[in-house]
Amino acid sequence: MRLLLVEDEERLVEALSYLLRKNGYTVDTALDGNLGMEMASTGIYDVIILDRMLPGLDGIQILVEIRRQQFDTPVLLLTAKDAPKDR
C-alpha cells in the first residue's frame with residue numbers, strides 16, 4: 001500500500017514514516033502544501049495523510065482540490081487544533 005504523508009514538522013514526518021515503513025507501507029512525503037498537492041494529484045496513492053496547517057496550501061485546500069479533480073483516495077487529516085468547530 002502506497003501512502004502520501006504531507007506534514008511540515010520534520011521530526012513527526014521521520015517518526016511516522018519510520019513506523020509506517022516498518023509495518024510494510026511505502027511512504028512518500030511532502031513538507032509543504034504545494035508539493036503535497038502536486039504529489040496527491042498524481043492519483044497513485046492508496047491513502048493520503050494531510051496536516052491541516054501547512055506552508056503554502058493547507059490540508060483542507062488540498063483535500064478540496066483533489067476531490068474537485070474527482071480523486072476518491074481516502075484521506076486522514078492530522079491537526080493540533082482541538083476546538084469542536086475545527087474538527
Side-chain angles (χ1 to χ4, degrees):
M1 182 173 278
R2 189 168 188 168
L3 308 176
L4 173 60
L5 173 59
V6 186
E7 167 62 58
D8 61 328
E9 297 209 22
E10 291 185 45
R11 293 177 75 193
L12 183 55
V13 169
E14 290 173 16
L16 286 174
S17 295
Y18 171 78
L19 290 170
L20 290 165
R21 287 183 179 118
K22 185 176 176 183
N23 284 283
Y25 297 97
T26 301
V27 181
D28 294 334
T29 61
L31 295 173
D32 66 70
N34 295 328
L35 179 58
M37 181 66 236
E38 184 179 322
M39 294 172 75
S41 292
T42 64
I44 62 173
Y45 297 101
D46 298 301
V47 174
I48 299 171
I49 303 171
L50 292 174
D51 185 12
R52 284 257 339 247
M53 298 179 292
L54 295 162
L57 297 172
D58 69 28
I60 299 296
Q61 291 171 309
I62 295 170
L63 177 58
V64 167
E65 180 59 23
I66 62 174
R67 292 298 185 249
R68 189 190 67 74
Q69 293 178 16
Q70 299 184 344
F71 289 110
D72 61 355
T73 307
V75 172
L76 175 66
L77 285 169
L78 303 177
T79 184
K81 294 184 174 200
D82 62 356
K85 69 177 183 142
D86 292 322
R87 291 186 222 149

Checklist entry - Does anything in residues 61-78 pair up under salt bridge (charged side-chain N to carboxylate O under 4.0 Å, His left out), and if so which pairs, sequence neighbours excluded? => result Glu65-Arg68
Next on the checklist: I need the Leu3 CG to Ile49 CD1 distance, nearest 0.5 Å.
Outcome noted: 5.5 Å
Next on the checklist: With a 4.5 Å cut-off on side-chain heavy-atom distances among I, L, V, M, F, W and Y, is there a chain of contacts connecting Val6 to Leu78?
Outcome noted: no
Checklist entry - Would Leu20 and Leu50 show up in the same hydrophobic cluster when neighbours are defined by side-chain heavy atoms closer than 4.5 Å? => result no
Next on the checklist: Can you tell me how far apart CE (Met1) and CG (Asp46) are? Round to the nearest 0.5 Å.
Outcome noted: 5.0 Å
Checklist entry - In Å and rounded to the nearest 0.5 Å, what is the CZ to CG distance from Arg52 to Leu63? => result 10.5 Å
Item to check | Hphob cluster co-occupancy, Leu57 + Met53, side-chain heavy atoms under 4.5 angstrom | outcome: no
Checklist entry - Hey, is the main chain of Leu54 close enough, under 3.5 Å, to the side chain of Asp51 for a donor-acceptor pair? => result no
Next on the checklist: Could you report the tightest heavy-atom contact between Leu5 and Ser17, atom names first, then the distance?
Outcome noted: CD2-OG, 3.9 Å
Next on the checklist: Rounded at 0.5 Å granularity, tell me how far OG1 in Thr73 sits from CG in Leu4.
Outcome noted: 9.5 Å
Item to check | Minimum-distance pair of heavy atoms, taken over all atoms of Gln69 and Ser41 | outcome: OE1-OG, 3.3 Å
Next on the checklist: Can you confirm whether Val13 sits close enough to Leu31 that some side-chain heavy atom of one is under 4.5 Å from a side-chain heavy atom of the other?
Outcome noted: yes
Next on the checklist: According to side chain to side chain donor-acceptor pair (under 3.5 Å), does anything in residues 18-29 pair up with another residue at least two apart or in another chain? List the pairs.
Outcome noted: Arg2-Asp28, Asp28-Tyr45
Checklist entry - Is Leu16 linked to Val75 within one hydrophobic cluster, defined over Ile, Leu, Val, Met, Phe, Trp and Tyr using a side-chain heavy-atom separation of less than 4.5 Å? => result no
Item to check | Distance (rounded to the nearest 0.5 Å) between Leu76 CG and Ile48 CD1 | outcome: 11.0 Å
Next on the checklist: How long is the straight-line distance from CD1 of Ile44 back to CE of Met39, given to the nearest 0.5 Å?
Outcome noted: 7.0 Å
Next on the checklist: Using a 3.5 Å distance criterion without hydrogens, assess whether the side chain of Glu9 forms a donor-acceptor pair with backbone atoms of Arg11.
Outcome noted: no
Checklist entry - Are Val27 and Leu19 connected in the hydrophobic side-chain network, where two residues link if heavy atoms are under 4.5 Å apart? => result no
Checklist entry - How close do Ala40 and Ile66 get, heavy atom to heavy atom, and via which atoms? => result CB-CG2, 3.8 Å
